[in-house]
Amino acid sequence: MPAAEIIRILDKAAYHKDMFLQTGHAIPRSLEGKRIVLAFFENSTRTRFSFEIAARNLGAVTLNFSASSSSVAKGESIVDTIRNLEAMEVDAFVIRHSSSGAADHISRITKKNVVNAGDGTHEHPTQALLDIFTLRDYFGAIENVKIMILGDILHSRVARSNIFGLTTLGAKVGICCPASLMPADSSSFGVQAFTSIDDAIRWADAAIVLRLQLERMTGGYIPSLDDYSLNYGLTDERLEKIRKHMLVLHPGPVNREIEISSNVADRIQPPGYSKSVMLEQVTNGVAVRTAVLEMLLADSDQPHSFKH
Ligand code: CP
């Protein structure tokens, strides 16, 4: 997605956030009569509920699909599932799936709009958009801001989408993790790679801390959780030692005391060397997803070019 398109979404999201604060709902209710399927084949709290709030604020009807209570549990394929839902004249699918490429695959078997709400270890575009929105809110602009992405880069769809979005907007991006969690192709990302968290903290203005994705790990990537926490956990002690103030983001859910200490995760104002905007991210997620749904679906029957 080009920079201008990202900026257009962020500006639209800013408008919706202001409207929510002033009126408590979206203006205009431009999706009245539209039906949006929230097809979450994998668990979610933040993404699912924020898409649901966004869609309802715009006047759309939401249809919640959960794999465990649908005919998927009886062996129906994802292709048949989507085709049957499409036959009920829905307008869009929001897809969360544990397989990389699932949203792209579904977009090829339906004429309806498809939004990727996180696919395997591949991408989580609206999470990156809300992270970038939050960073822009704090720093005023993204260009030349130094942002480190800390943690399980190898398994992180959030890292990949943020790297693409942030570098497109001119941010300087660093990734920091043990060598075992560094993607083999990291040199092609246009980012600075750190294996020392202290070096990364000295360099960065902000940290996007990632969850250690134990459910996606198929081998012994780290010696132990204690070892990981000791060497890569973002803690008060580490920030105080380096005397570096850090804006802290985390997409959630959080493994407290593993990738981040509770002190750092919960500190929203001074004193201290960190400021957490984790709950602001969640609020901004509603605004960003409102903008995405409106730009895809309002006043148009044609799928939009950024549907992936
Ligand atoms: N950040 C994120 O995707 O959270 P959920 O899995 O709760 O949606």
Side-chain angles (χ1 to χ4, degrees), residues 31 34-58 60-131 152 155-162 210-211 213-216 250-255 278 281-294 296-297 303 306-308:
L31 300 190
K34 303 278 186 192
R35 298 189 187 107
I36 300 175
V37 178
L38 305 177
F40 280 65
F41 295 85
E42 187 194 71
N43 295 345
S44 167
T45 298
R46 282 147 287 267
T47 311
R48 188 169 77 77
F49 283 109
S50 57
F51 266 115
E52 180 146 13
I53 293 168
R56 289 188 184 195
N57 277 336
L58 289 165
V61 171
T62 54
L63 301 137
N64 273 289
F65 169 91
S66 109
S68 61
S69 60
S70 76
S71 290
V72 167
K74 296 186 232 168
E76 186 164 51
S77 74
I78 190 167
V79 173
D80 285 337
T81 302
I82 296 299
R83 287 197 177 132
N84 277 274
L85 291 167
E86 187 175 7
M88 296 180 212
E89 296 300 327
V90 302
D91 297 285
F93 294 97
V94 177
I95 305 288
R96 158 73 59 99
H97 202 283
S98 58
S99 295
S100 300
D104 181 57
H105 178 65
I106 289 168
S107 76
R108 292 170 202 275
I109 59 169
T110 175
K111 294 188 182 67
K112 305 300 179 184
N113 284 287
V114 175
V115 181
N116 183 357
D119 64 324
T121 59
H122 178 224
E123 287 228 41
H124 195 346
T126 57
Q127 179 67 46
L129 287 166
L130 76 88
D131 293 343
D152 186 359
H155 300 98
S156 177
R157 54 196 179 206
V158 175
R160 292 172 65 85
S161 290
N162 262 305
L210 300 175
R211 183 171 69 89
Q213 298 191 34
L214 298 166
E215 77 278 16
R216 295 191 205 284
H250 192 307
V254 176
N255 295 312
M278 286 163 45
Q281 287 173 267
V282 178
T283 302
N284 294 338
V286 176
V288 163
R289 287 165 179 139
T290 303
V292 167
L293 291 179
E294 185 173 54
L296 277 176
L297 292 170
F306 69 71
K307 69 179 185 174
H308 301 302

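The basis for the numbers below is simple: all heavy atoms, side chains too, and nothing from hydrogens, waters or symmetry mates. One-based numbering along the sequence shown.
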Scan for salt bridge (Lys or Arg N to Asp or Glu O under 4.0 Å) pairs involving residues 92-103, sequence neighbours excluded, and state none if there are none.
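Output for this query lists Glu42-Arg96.
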
[X]: which residues meet the side chain to side chain contact (heavy atoms under 4.5 Å, CB included) condition with it, sequence neighbours left out?
{"X": "Thr81", "result": "Phe65, Val72, Glu76, Leu85"}
{"X": "Arg160", "result": "His122, Phe164, Phe189"}
{"X": "Ser77", "result": "Val79, Asp80"}
{"X": "Ser156", "result": "Val158, Ala159, Leu210, Gln213"}

Which atoms form the tightest heavy-atom contact between [X] and [Y], and what is the distance?
{"X": "Ser68", "Y": "Ala73", "result": "O-CB, 3.7 Å"}
{"X": "Val114", "Y": "Ala103", "result": "CG1-O, 3.7 Å"}
{"X": "Ala102", "Y": "Asp119", "result": "N-OD2, 4.0 Å"}

Once rounded to the nearest 0.5 Å, what's the spacing between atom [atom1] of [X] and atom [atom2] of [Y]?
{"X": "Thr62", "Y": "Leu31", "atom1": "OG1", "atom2": "CG", "result": "11.5 Å"}
{"X": "Asp91", "Y": "Glu89", "atom1": "CG", "atom2": "CD", "result": "8.5 Å"}
{"X": "Leu38", "Y": "Ile95", "atom1": "CG", "atom2": "CD1", "result": "9.5 Å"}
{"X": "Phe40", "Y": "Glu52", "atom1": "CZ", "atom2": "CD", "result": "9.5 Å"}
{"X": "Ile36", "Y": "Leu297", "atom1": "CD1", "atom2": "CG", "result": "5.0 Å"}
{"X": "Asn162", "Y": "Leu130", "atom1": "CG", "atom2": "CG", "result": "8.5 Å"}

Is there a side-chain contact between [X] and [Y] (heavy atoms, below 4.5 Å)?
{"X": "Lys111", "Y": "Glu86", "result": "yes"}
{"X": "Arg83", "Y": "Ile109", "result": "yes"}
{"X": "Asp152", "Y": "His155", "result": "yes"}
{"X": "Val286", "Y": "Phe51", "result": "no"}
{"X": "Arg211", "Y": "Pro253", "result": "yes"}
{"X": "Thr110", "Y": "Phe93", "result": "yes"}

Going by atom types alone, do Thr121 and Arg157 pair a side-chain donor with an acceptor below 3.5 Å?
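No, because no side-chain N or O of Thr121 sits under 3.5 Å from a partner of the opposite role on Arg157.
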
Pair Asn116, Glu123: side-chain N/O donor-acceptor within cut-off below 3.5 Å
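No pair is found: no donor N or O on one side chain lies under 3.5 Å from an acceptor on the other.
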
Go through it in stages, so that I can follow the logic: the residues are Asn64 and Arg48, the test is side chain to side chain donor-acceptor pair (under 3.5 Å), and I'd like the CA-CA distance, side-chain angles, deciding distance and then a yes or no.
CA-CA 9 Å; Asn64 273 289; Arg48 188 169 77 77; 2.9 Å; yes

Who are the ring-ring contact (aromatic ring centres under 6.0 Å, His included) partners of His97, not counting sequence neighbours?
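With neighbours one apart ignored, the set is Phe41.
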
Ser161 side chain vs His124 backbone, donor-acceptor pair below 3.5 Å:
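Pair found, side chain donor or acceptor close to backbone of His124.
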
